[in-house]
Structures are given as structure tokens and as C-alpha cells.
Protein chains: 8
Amino acid sequence: MQAIVAIIMGSDSDLAIMQETAKTLESFNIGYSIDVISAHRTPDIAAEFASNAHKKGIRVIIAAAGLAAHLAGAMAAHSPLPVIGVPIAGGTLGGIDAALSTLQMPPGVPVATVGINGAKNAALLAVQILATSNEHLLLKYIEYKKSEGQKVVEKSKKLQEIGYKGYLEKK
Amino acid sequence: MQAIVAIIMGSDSDLAIMQETAKTLESFNIGYSIDVISAHRTPDIAAEFASNAHKKGIRVIIAAAGLAAHLAGAMAAHSPLPVIGVPIAGGTLGGIDAALSTLQMPPGVPVATVGINGAKNAALLAVQILATSNEHLLLKYIEYKKSEGQKVVEKSKKLQEIGYKGYLEKK
Amino acid sequence: MQAIVAIIMGSDSDLAIMQETAKTLESFNIGYSIDVISAHRTPDIAAEFASNAHKKGIRVIIAAAGLAAHLAGAMAAHSPLPVIGVPIAGGTLGGIDAALSTLQMPPGVPVATVGINGAKNAALLAVQILATSNEHLLLKYIEYKKSEGQKVVEKSKKLQEIGYKGYLEKK
Amino acid sequence: MQAIVAIIMGSDSDLAIMQETAKTLESFNIGYSIDVISAHRTPDIAAEFASNAHKKGIRVIIAAAGLAAHLAGAMAAHSPLPVIGVPIAGGTLGGIDAALSTLQMPPGVPVATVGINGAKNAALLAVQILATSNEHLLLKYIEYKKSEGQKVVEKSKKLQEIGYKGYLEKK
Amino acid sequence: MQAIVAIIMGSDSDLAIMQETAKTLESFNIGYSIDVISAHRTPDIAAEFASNAHKKGIRVIIAAAGLAAHLAGAMAAHSPLPVIGVPIAGGTLGGIDAALSTLQMPPGVPVATVGINGAKNAALLAVQILATSNEHLLLKYIEYKKSEGQKVVEKSKKLQEIGYKGYLEKK
Amino acid sequence: MQAIVAIIMGSDSDLAIMQETAKTLESFNIGYSIDVISAHRTPDIAAEFASNAHKKGIRVIIAAAGLAAHLAGAMAAHSPLPVIGVPIAGGTLGGIDAALSTLQMPPGVPVATVGINGAKNAALLAVQILATSNEHLLLKYIEYKKSEGQKVVEKSKKLQEIGYKGYLEKK
Amino acid sequence: MQAIVAIIMGSDSDLAIMQETAKTLESFNIGYSIDVISAHRTPDIAAEFASNAHKKGIRVIIAAAGLAAHLAGAMAAHSPLPVIGVPIAGGTLGGIDAALSTLQMPPGVPVATVGINGAKNAALLAVQILATSNEHLLLKYIEYKKSEGQKVVEKSKKLQEIGYKGYLEKK
Amino acid sequence: MQAIVAIIMGSDSDLAIMQETAKTLESFNIGYSIDVISAHRTPDIAAEFASNAHKKGIRVIIAAAGLAAHLAGAMAAHSPLPVIGVPIAGGTLGGIDAALSTLQMPPGVPVATVGINGAKNAALLAVQILATSNEHLLLKYIEYKKSEGQKVVEKSKKLQEIGYKGYLEKK
């Protein structure tokens with residue numbers, strides 16, 4: 001399947017979190033590529049990747065990194081595509097360093113930042129972006145939203161049926 | 001011009017910041033609507049707005065709010081469209097409250113958060129999203145990026161010509 | 001027993017913390033309901049719940065959520081009842097995100113926020129609120145306060161009797 | 001008018017913020033008292049005040065303080081009444097010190113904390129608490145909520161009529 | 001031995017940390033008392049304790065508490081004695097809440113705050129205070145400082161003798 | 001008058017804050033010295049000062065510094081005397097850097113930290129320390145505490161006499 | 001004079017702070033270049049600059065930026081030279097965003113970070129680095145350190161001569 | 001081998017982190033010394049060490065410490081050499097205390113701070129500094145950078161060959 005979303009991460013240690021991005025895109029049947037590219041250790045590859053992604057059919061870039069997380073910003077510097085940044089909670093500060101490094105981009109170079117370790121939401125945001133020009137995908141996303149709501153409804157129903165003590169025991 | 005981007009803000013006091021979003025969209029010749037809608041004071045209007053936006057031709061929602069900034073999240077709860085959140089630095093904490101309230105969305109409901117007071121970047125991100133299905137807009141955005149870079153180059157050149165003391169005096 | 005306090009939580013994973021709210025209300029013999037309702041995944045249910053709670057005999061709403069914790073704010077947006085917010089320490093930031101998202105409500109829409117993971121205090125605050133019009137409950141609460149103080153007194157006494165080394169061994 | 005809400009503040013410098021509490025209670029026609037009582041400089045007065053407030057007809061206590069804001073906690077230690085804490089942004093940290101000092105109460109002694117400098121919301125929360133046993137007040141509060149929403153609607157309407165440039169000029 | 005230092009803690013769960021205070025005072029042969037007193041659950045006992053401590057021969061109070069740590073402040077409110085505050089890292093924020101609640105006292109009511117979980121330093125500070133009028137104790141403290149330095153010197157020597165790999169293995 | 005308290009500050013820019021320490025000590029008729037000594041720019045002077053202070057009759061050291069505030073720690077490293085640290089809000093972070101740099105001392109080397117810019121409390125803590133062996137000073141301090149409380153009482157009385165509007169106008 | 005230190009800044013608005021770097025290098029008679037280069041707006045220029053700096057005689061790079069400050073990291077990604085990062089306090093968070101974005105570099109790509117707005121220290125650190133192979137410069141730096149200490153000594157002397165009141169008046 | 005880099009740490013508990021500094025210097029064949037020196041417990045040794053290091057052939061000092069991490073600052077106070085500070089994540093705040101204590105040095109006394117627990121980067125920065133006057137070392141560092149990039153390339157290649165599921169299983 002042709003990749004239209006590019007998932008990149010600054011370190012292979014981010015993959016444990018970022019597999020959720022891949023899985024979520026698969027569930028929407030969206031083609032994606034997945035690479036380890038470091039803004040700091042492979043900056044030329046990062047620049048080349050970002051500069052050419054839109055020429056190769058990529059329409060959204062998802063970039064995940066921890067600590068002084070520059071990867072999403074480096075993508076945004078070189079690419080005209082929307083870049084979704086996923087701050088990863090590496091290090092000892094719970095990811096607030098990565099969140100600020102990804103979020104606080106200067107005027108002129110936006111990064112669409114999702115929550116810390118927000119791998120699933122990064123994929124969903126990519127779906128939403130692609131759905132702006134894909135009615136079929138939009139309908140699928142609307143279905144997805146409904147089913148997510150339905151899961152909550154069922155949990156609530158079960159909680160009321162068996163009570164909180166029963167619920168906690170079953171988990 | 002048909003609005004395809006909806007700008008909403010939680011309070012009219014956010015307008016001083018958010019005018020930059022409107023101006024930037026205008027510079028890309030993109031139709032937009034602009035409303036004051038509060039997730040807390042007009043929740044039904046917010047819900048209705050979000051639920052119907054995609055039916056009225058809106059393709060991206062930009063939501064700005066300060067403090068416990070729920071507006072972007074409320075949009076994302078009801079709309080299948082990509083929602084760009086702009087944390088506003090109201091209150092006394094420099095906007096870190098709004099940034100976390102906008103960014104840290106639970107799995108299943110993404111908000112594309114830009115930096116604190118990032119009104120311009122919100123517009124640019126909307127342009128990038130729209131450009132994923134609009135080659136003409138993509139080229140325009142590529143031009144914009146080049147011209148932004150060119151401005152930096154010219155400033156650097158001027159700095160070297162007149163020296164830092166001269167530069168600071170002229171400012 | 002007729003529910004006069006509604007406990008809602010944004011995710012069933014909050015139940016491990018929030019069972020303490022239920023238990024504490026039970027100890028005061030106060031009827032309560034308990035639901036999983038997500039401000040983001042089931043926003044319409046949240047809105048309907050909040051809009052009607054006071055018509056169904058509910059007098060206090062307790063809402064618990066983590067991350068960008070909007071649930072209490074969503075309740076407060078739709079309901080005239082006092083809403084007690086419990087920030088849950090989900091995610092990687094120790095709950096400071098949930099605390100600010102719950103606490104920093106804009107003028108006009110208060111949330112009575114208790115401490116992070118403050119499930120017990122949420123119940124006690126509900127009791128205090130109900131006791132403003134229930135002399136019997138007020139007396140019961142005064143008794144409760146005394147007994148809590150008494151427990152501290154007894155611990156201190158035991159500590160002095162057996163010394164800190166003995167006390168630490170017995171724990 | 002008989003005081004049923006007690007407003008206390010740790011320093012008379014808090015009055016510039018806390019006048020909003022008084023004004024809001026007046027607008028709901030609720031009797032209140034207002035005192036400067038310091039948990040640290042007049043602890044015996046604080047203890048006596050808190051211990052006796054419920055005997056004198058007070059039904060809700062609102063306590064405002066900055067820095068290591070112990071006042072609300074001191075009230076809650078001595079009184080069975082619901083205590084609303086207002087963290088004041090004194091000092092150099094924007095009030096995060098006062099917010100944590102007011103919010104993070106130990107199990108057994110809740111404080112209903114509102115946002116930093118949240119003087120208006122403190123009053124509204126008191127109204128909501130009193131309205132749990134006062135149908136007339138509840139209706140009044142529902143009206144208030146509606147009118148607050150209406151103000152937002154009107155601002156939005158005006159913004160659309162005169163455009164954002166006109167709106168910013170008129171402000 | 002006559003108690004001249006009073007150790008109090010807000011909860012018996014603080015004892016695991018605070019035993020170090022007791023042990024350190026013992027090593028300096030200083031009499032101390034140890035109590036569990038809660039500023040919030042036993043406020044009258046706290047007030048009485050603080051008001052009378054100086055009349056019973058206590059010369060320094062050490063107060064340890066977590067979360068919205070008011071205990072040291074409550075002591076300082078009632079007692080003319082120097083009060084040493086030990087913020088305890090309870091809860092989910094690593095003790096920054098307790099540190100600010102203990103440290104940020106208003107003008108007029110100081111608390112001598114030591115680091116988070118700083119049980120040993122609290123004892124040493126008490127020793128230093130007592131030594132301001134006790135030449136013998138001052139000399140003992142000077143010896144202690146020397147021996148602490150000597151321990152570091154010996155560790156460094158050992159590290160150089162066996163190399164860092166050997167040192168890490170032996171630990 | 002013989003100096004028994006040494007006030008030192010890391011920069012003469014701290015004097016605007018620290019004059020309050022001097023004034024407060026004067027009001028208690030306590031002799032003090034005042035010096036600018038930098039832990040970083042004049043480390044040998046700092047070391048010598050700290051090493052000899054107790055030999056020259058100094059009994060308490062008060063050290064004020066901003067940013068990476070090491071001055072109090074440097075005093076405590078060299079002196080057996082109680083060292084009171086005053087974190088100064090220099091720089092752009094509101095003094096949280098100085099607070100943590102002063103407070104978080106390692107086991108074995110305490111600093112008695114007061115609040116950010118807590119110049120007055122530093123002096124009062126010094127008075128309390130000196131009063132542990134000076135009954136006359138203790139009585140004076142008890143008087144001081146009473147008079148501080150009395151000021152609060154008078155402000156409260158005035159507020160009730162003229163109402164909050166009148167009070168705010170008079171200020 | 002041949003430039004051996006390169007000063008770059010992400011925006012010409014940083015120049016008001018960074019002029020101090022230039023002045024300090026001038027005072028040590030060290031040749032420098034000064035450029036505005038943005039990691040985000042002119043990434044190719046940044047990459048080329050960093051990749052070639054060591055070939056053009058540059059031996060130390062000083063990079064200043066605010067917000068999600070990636071400039072120093074981008075230099076370090078491409079250059080083998082020591083890179084000194086200066087976090088600038090732009091935006092609303094006092095520069096903690098820039099500090100973390102500059103400091104928290106991943107293993108393999110160091111940035112020598114100085115304090116927020118630490119323009120002078122960046123220059124001094126460059127001098128120290130150059131002095132590791134320049135005995136003359138090392139002596140000059142030792143002289144500088146002495147003279148800085150001497151300035152503190154003189155201020156302290158003046159303070160003691162004219163007293164703190166006189167000193168504050170003269171300032 | 002003659003030591004030209006001095007590694008010091010405030011406590012032997014820092015060695016588990018700091019062994020990486022030693023290993024990295026070894027891999028570049030750079031002589032180093034390693035000592036435990038506490039700015040607070042052995043301040044005279046620290047001062048002497050720093051004052052004489054440059055006379056003994058040391059050209060760069062690396063200083064690691066946690067909490068109120070003054071060690072690097074103490075080195076910089078006494079030595080003209082470049083001092084690299086490594087904040088260690090001791091205590092309960094994830095090392096933000098050590099980071100600010102190391103980073104926020106006053107004008108005149110720089111510390112080259114690396115990230116929290118950044119032991120490897122400290123060594124690499126030392127190599128870069130030494131390489132400013134050692135062409136051979138510079139080439140070696142350029143090789144190192146390339147090989148680090150190559151490792152990333154290989155990981156990415158492997159990820160693409162075996163897919164993310166296979167990659168995660170193999171790890």
C-alpha cells in the first residue's frame with residue numbers, strides 16, 4: 001500500500017510507544033512508512049526526508065522524540081506538509097521537556113503537537129487531516145468516534161450492573 | 001468568500017491575539033468564519049457548532065482559549081474535523097495551564113496544539129492541512145516558507161553591514 | 001436509596017481511585033449514583049446528564065478525570081449544581097495537568113476542586129455541602145471530624161509508648 | 001441582612017481581588033460578612049472564627065490567601081462547613097504556591113479550591129451550595145447562567161457584524 | 001533526658017523519613033519528644049502544643065508534613081520558637097507542593113525550611129541553633145562536619161585505589 | 001554595637017530587598033554586619049568569612065542570592081553556625097531557581113531557607129534563634145507577634161466599619 | 001580580525017540580549033562573526049553554516065534562541081565544534097521552554113548550555129575553551145576573574161562605609 | 001596516561017551515572033582523573049582542587065552533582081578552566097533542582113551545563129573542547145559523529161526489513 005503518512009521517531013526506543021500509531025493507521029487502512037531518523041544524529045537524512053516527503057506522495061508527517069525533542073521541528077523546517085509532533089516521556093522529567101520543545105515553535109513554522117506519549121492521537125489526527133479531502137474516510141472516522149463512545153457507554157452500564165466492587169474485582 | 005476554516009475563541013479578550021490568525025488566513029486567501037463561543041458559558045452552542053461544522057463546508061476548526069482551556073477539546077469531542085488548539089496566556093501562570101489543558105487530550109480525541117499564543121501558527125497549520133488536497137495552495141505555502149527564510153537572510157545581511165550597534169540603534 | 005450525589009469518572013481506570021468516594025458516601029449513608037461518562041468520547045451523554053441531574057434529585061456532582069481533565073468543567077457548563085472536580089494522576093506528569101485543567105475555570109463557571117487523587121475529600125465535601133441544609137448530617141460530620149482527630153491522637157500515644165523504632169517495626 | 005456566607009482574607013492586600021466575591025454575593029442578594037483574619041498572625045481568631053461560624057448562621061466560608069496559603073485549610077480544620085479556598089497570586093510565582101497550598105489538602109479535610117484569583121467563582125460556588133436547599137436561588141442561578149451565555153452570544157454577534165478590526169478598535 | 005527539641009509530624013506515615021531526625025539528635029545526645037499532630041485533623045492540639053512548647057523547655061520545633069503542608073506554619077503561628085519545616089514527598093508531585101506550602105510563609109511568621117525529605121538536616125539545623133549558646137555542642141558540631149568531610153575523602157581515595165569499575169562492583 | 005548576625009548578599013542588587021533584614025534586626029536592637037560577598041566571584045572571601053564568623057562573635061549568618069543561589073550553601077559548607085538562606089527573585093523564573101538552589105541541600109549541610117525575597121522573615125528567624133538563649137529577646141519576640149496580630153485585627157475592624165468599597169478607596 | 005567564534009541567533013529580536021556576547025568577546029580581543037540564522041526558517045543555511053564552520057577557522061559556536069530553541073541543537077547536529085547554547089526568555093514562560101529545549105540534548109550530541117539570557121557567560125565560556133590552548137588568553141582570563149572579584153570587594157567596602165541607606169540612595 | 005580531564009562528583013552515589021563519562025573518555029583515549037569531592041562537605045578540597053587543576057595539566061573539569069548542585073559552580077568560582085556541569089537526578093524532583101542549580105550561574109562565572117544525567121555528553125563536550133586545538137582529535141570526533149549516525153541508519157533499515165512487530169519482539 002502506498003505510504004501517505006510518514007511515521008518517524010528519533011530513537012528506536014520510542015517504538016514501544018509509537019507502535020500504537022502504526023496500529024491505528026492500519027485500522028483505518030492507511031498506508032504509512034516508518035523510519036528511525038534523528039534530528040541530531042542524522043540531520044542530513046532528516047533534512048532530505050522532510051524536503052522530499054511531499055514529492056513522494058506523503059501527505060502528513062508524524063514525528064516522535066523525547067528530551068529536547070527537535071525532530072518534529074526539523075521536519076517542519078524543511079517540509080510544507082503538516083507535521084504532527086509526539087513528545088515522548090524519556091528522561092526524568094515526565095516528558096514536559098519534550099512537550100515544550102515540540103510545542104513552542106516560533107511563528108512561521110507550526111507543529112501540530114499532541115499529548116505526551118500521544119501515539120494513538122497522532123494517528124487519529126493524521127486521519128482527520130486526510131479526511132478533509134476524503135468523504136469516505138470522514139465517514140469512517142465518524143463511525144470510529146461513535147464506537148469509542150459506545151465503549152464508554154458499555155463500561156458504564158457494566159459498572160452499574162455489577163457495582164464498583166464487582167467491577168474492580170473483574171479487572 | 002465561503003468559510004472553510006472556523007476560528008472560535010472562548011472570550012472576546014482573546015481577539016487581540018487571534019486577529020493574527022484571521023490576517024494570516026486572509027494572506028492565503030482562505031475563507032474563514034470567526035465566533036466567540038465558550039465551552040463553559042455557551043456549551044450547547046459549542047456542541048452544535050462542532051457537530052455541524054463539517055456539514056456547512058468547514059474543514060478545519062481553530063479554537064483558542066486560556067486558563068482551563070477546554071474549547072478545543074470540546075470541539076474535538078463533537079466534530080470529526082481536525083481541531084487546532086491555541087492556548088492563550090491569560091491568568092497568572094503564563095499560559096502553561098492552557099497549554100496542558102489543550103494538549104493533554106485522552107486517547108481517541110486529538111487536538112493539534114500549537115504554542116502558547118500561537119495564533120499565526122494556527123493559521124499556517126490550517127493552510128498546510130488544506131494544502132494536503134490543494135496543489136495550488138501547497139505551492140503557495142512553499143513560496144511563503146521561502147519568503148520567510150529570505151526575510152531572515154536579509155536581516156542577517158543588514159546586521160553584518162551595519163554591525164550590531166548600528167542595528168540596535170535603527171530598531 | 002435515592003441518589004443525591006452523582007459520581008462520574010472519565011474512564012473506568014479512574015475507579016481504583018474513585019471507589020474511595022463511594023465508600024465514604026456509604027459511610028455517611030448518602031445515596032449516590034456512579035457512571036463512566038467521558039467529556040470527550042460521550043459529550044452528548046455528559047451534556048444531557050449534567051443538564052438533567054438537578055431535575056432527578058441529584059444535588060451534588062463529583063467528576064473525576066485525568067490529563068486534560070475537562071469532565072468537571074463540562075458538568076459545570078451544563079449544570080447549576082455544585083460540581084466537585086477530582087484531578088486524577090494519569091499520564092506522566094503526576095496529575096499537575098489534570099489539576100490545572102480542573103482548577104483554572106474561567107469566571108462564571110466554578111468547579112470545586114479537591115487535591116490530586118482526592119477521592120475521599122470529594123465525598124466529604126459533598127457531605128459538607130449537603131449538611132448545609134441537614135442538621136443531622138452536620139452533627140454526623142462533626143462527629144466524623146472528631147473521630148479522625150482521635151485516630152491521630154491514638155497514633156501519637158502509641159508512638160510515645162513504644163518509641164519510633166517499635167512503631168516502625170509494627171507497621 | 002443576616003450573613004450566611006463568611007468572606008475572610010489573609011491580608012487586606014487581597015481585597016482588591018476579593019471585592020468581586022462581595023459584589024457577586026450582593027448581586028444574588030446573599031448576606032455575607034467580610035473579615036481580615038490571618039492563619040499565621042491571628043491563629044486564635046482564625047480558630048475561634050472557624051469553630052463558631054456554623055453556630056452563628058454561617059453556612060459557607062470563603063477564604064482567600066496568597067503564598068503558603070493556609071487560611072482555607074485552617075478554616076477547614078476547625079469548621080464542619082464547606083470551605084471555599086481562593087488562591088491569591090501574591091509573590092513572584094504567579095500563585096502556583098498558593099494554589100498547591102490550598103488544593104493539596106490531606107484526606108479528611110477538604111477545601112473546595114477555585115482558580116487563582118478566582119474571587120467571582122468563589123461567590124458563585126457559594127451560591128450553588130446554598131441553592132442545593134433553596135429552589136428559588138437555584139432558579140436564580142439558572143437565570144444567571146443563561147444571561148452569562150447570552151452575553152457571549154451578543155459579543156459574537158457584534159464581532160460578526162463589525163468584523164474583528166472594528167471590534168478591536170471599539171474596545 | 002529532658003526534651004529540648006520537639007519533633008512533630010502530620011501523619012504517622014512520615015515516620016519512615018523522620019526517624020532520621022530522631023537518630024541524628026540522639027547521636028548528638030540531645031533530648032527530644034516525638035508526636036503525631038495534624039494541623040488539619042487535630043488543630044486544637046497543634047495550637048496548644050505550639051503555644052506551650054517554650055514553657056515546657058522546648059527550644060526548637062521540627063515539623064514535618066506532606067501535600068499542603070501547613071504543620072510547620074501552624075507551629076510558627078502559635079510559637080515564638082524557631083520552627084524547622086520538613087516538606088515530605090507524599091502524593092504525586094515529588095513534594096514540590098509541600099516545599100512551597102512550608103517555604104512561602106508571609107512576612108512576620110518565618111519557617112526555617114530544609115529540603116524535601118530533609119529529616120537529617122532538620123536535626124542538624126536544630127543542633128546548630130542550640131549550639132549558638134552551647135560552646136560544647138558547637139565543638140561537637142565542628143567535629144561532626146570534619147568527620148563527614150573525612151568520609152568523602154575516604155570514598156574518593158577508595159575510588160582511586162580500585163577504579164570506578166571495582167567501586168561499582170563492591171557497592 | 002557588636003555584630004552577632006552577619007547579613008551577606010551575592011550582589012549589591014539584592015540590597016533593595018535585603019534592607020528589610022537590616023531594618024528588622026535594628027527594630028530588635030540586634031547588632032549586625034552587612035557585606036557583599038559572592039560565592040562565585042569572591043569564593044575565597046566567602047570561605048574565609050564563613051570559616052571565621054563564629055570566632056568573631058557572629059552567631060547567625062543570613063545569606064541572600066538569586067539564580068543558582070549558592071551563597072547560603074557555601075556559608076553552610078564552611079561554618080558551623082546556623083545559616084539562613086534568602087532566595088532572591090532575580091532572572092526570569094520568579095526565583096524558583098534560587099529557592100531550589102538554596103533549599104535542596106544534601107544531607108549533612110543544612111540551610112534554613114525562608115521564602116522567596118523573604119528578607120524580613122530571615123531577620124525574624126535570626127531573632128528566634130538568638131532568643132533560644134535570651135529570655136529578654138524571647139519576650140520581645142512574643143510582644144512583636146502580638147502586635148503583628150493586633151495590626152490585622154485593626155485592619156479587619158476598619159474594613160467592617162467603612163465597608164470594602166470605602167476601604168479600597170482609602171488605600 | 002579573523003573570526004574564531006561564531007555568534008548566531010534565531011531572531012534579530014535576540015540581539016538586545018546577545019550584544020553582550022559580542023562586547024565581552026571584544027573585551028578579550030577575540031575575533032567573532034555574528035549572524036541571524038533560524039533553525040526553522042533557514043534550516044539549509046543553518047546546516048551549511050554548521051557543517052563548514054570548522055573549515056573556516058571557527059573554533060566555537062554560540063547559538064541563542066527562544067521558545068522551542070532548536071538552534072544550538074541544530075548546530076551541534078552538524079558541527080564537530082563545541083556549541084554553546086543561550087536560552088532566550090522569549091514568550092510567556094520566562095525561558096524555561098528554551099532552557100529545556102537547549103539543555104536536554106540526547107546522548108551523542110552535547111550542547112554546552114548557559115543560563116537563561118546568559119549572553120555574557122556564553123562569551124566567557126568561549127574564552128575559557130579557547131584558553132585551553134592559549135596560555136596568554138588563560139592569564140588574561142585569570143586577570144578578568146580577579147578584577148570581577150575586586151569589583152565585588154569594592155562594592156562591599158562602599159556599602160560598609162556609607163551604610164545600606166546611603167548605598168541605596170546613591171544607586 | 002596523563003589526566004587532562006578531571007571528573008569529580010559530589011557523592012559516590014553519582015558514580016552509577018558518571019561511569020559513562022569515564023568510558024566515553026577512554027574510548028577517545030583521553031587521560032582523566034576521577035574523584036569524589038563535595039562542595040558542601042569538603043569545600044576546602046574543592047577549592048584547592050579547582051584552584052590548582054590548570055597547574056597540573058587539567059584542561060577541562062567535569063563536575064556532577066544532584067539536588068542543590070553547587071559543585072560545578074564551586075569549580076567555576078575557583079578555576080579558569082571550562083567547567084562542564086552534569087545535573088544528577090537525585091531526590092524526588094527528577095533533577096530539575098540540580099539542572100537549575102547548575103545552569104543559572106550569575107554573569108561572570110559560566111558553567112557549561114549538559115542535560116540531566118548527561119554523563120556521556122559531558123565527556124563528548126570535553127572532547128570537543130580539547131579538539132579545538134587538536135586536529136587529530138577533531139577528525140576522530142567527526143568519525144564518531146558519523147558512526148553514531150550510521151547506527152541510527154542501521155536501526156532504521158532493520159526496522160523496515162522486519163517491521164515494527166518483529167523489531168519489538170527482537171528487542
Side-chain angles (χ1 to χ4, degrees), chain F residues 1 3 5-26 31-49 62-71 74 89-101 116 119 123, chain G residues 14 16-17 20 64-67 69 86-103 113-121 124-125 128 141-171:
Chain F
M1 194 160 39
V5 174
I7 305 171
I8 61 174
M9 63 200 87
S11 161
D12 65 337
S13 64
D14 302 331
L15 187 58
I17 297 289
M18 291 305 292
Q19 60 174 313
E20 199 64 33
T21 307
K23 286 179 188 165
T24 305
L25 289 174
E26 288 168 11
Y32 65 88
S33 64
I34 186 160
D35 289 84
V36 183
I37 299 178
S38 167
H40 295 123
R41 278 169 285 202
T42 59
D44 292 327
I45 294 174
E48 203 212 324
F49 186 94
I62 295 173
L67 301 168
H70 296 190
L71 187 58
T92 61
L93 299 180
I96 191 67
D97 43 5
L100 293 173
S101 298
I116 297 170
Chain G
D14 303 330
I17 296 287
E20 199 66 32
L67 299 169
V86 186
I88 299 290
T92 61
L93 298 181
I96 192 68
D97 43 4
L100 293 173
S101 299
T102 304
L103 185 70
T113 309
V114 294
I116 297 170
N117 291 350
K120 189 177 196 174
N121 276 356
L124 294 174
L125 182 54
Q128 289 180 309
Y141 191 76
I142 290 170
E143 277 315 297
Y144 169 81
K145 273 179 85 73
K146 271 189 203 153
S147 73
E148 287 293 291
Q150 195 53 35
K151 282 184 202 163
V152 174
V153 169
E154 276 155 28
K155 283 176 181 172
S156 196
K157 205 173 152 191
K158 186 178 150 201
L159 171 57
Q160 277 155 41
E161 281 169 11
I162 64 178
Y164 72 86
K165 283 169 196 166
Y167 199 96
L168 283 166
E169 273 162 25
K170 287 224 172 152
K171 277 184 90 167

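A note on names: the letters A, B, ... follow the listed sequences, proteins ahead of strands, and every chain is numbered from 1.
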**OP:** Kindly indicate whether the side chain of F:Asp35, heavy atoms from C-beta on, has any atom under 4.5 Å from the side chain of G:Leu159.
**Re:** no
**OP:** Let me know if F:Ile45 has heavy atoms under 4.5 Å from chain G in its side chain, its backbone, both or neither.
**Re:** side chain
Subject >> G:Ile96, part contacting chain F, at a heavy-atom distance under 4.5 Å >> reply: both
Original post:
CD of F:Glu26: more than 12 outside heavy atoms within 6.0 angstrom?
Top reply: yes
Original post:
G:Leu93 and F:Leu93: which non-hydrogen atoms are nearest, and at how many Å?
Top reply: O-CD2, 4.1 Å
Original post:
Taking every heavy-atom pair that is under 4.5 Å apart, which of F:Ala22, F:Ser11, F:Gly10 has the most such pairs with chain G?
Top reply: F:Ala22
Original post:
Just one of G:Lys155, G:Lys157, G:Lys151 clears the salt bridge (charged side-chain N to carboxylate O under 4.0 Å, His left out) bar with F:Asp12, so which one?
Top reply: G:Lys155
Subject >> Closest non-hydrogen atom pair between F:Val36 and G:Ser156, with its separation >> reply: N-OG, 2.9 Å
Original post:
Within the distance-only criterion (no hydrogens, no angle test), does the side chain of F:Gln19 pair as donor or acceptor with the backbone N or O of G:Tyr164 below 3.5 angstrom?
Top reply: no
Subject >> Structural part of G:Lys165 lying under 4.5 Å from a heavy atom of chain F >> reply: side chain
**OP:** Report the distance from atom OG1 of F:Thr42 to atom NZ of G:Lys146, rounding to the nearest 0.5 Å.
**Re:** 15.0 Å
**OP:** Report the option among F:Arg41, F:Met9, F:Met18 that has the most heavy-atom pairs separated by less than 4.5 Å from atoms of chain G.
**Re:** F:Arg41
Original post:
Does a side-chain heavy-atom distance below 4.5 Å link F:Ile37 with G:Val152?
Top reply: no
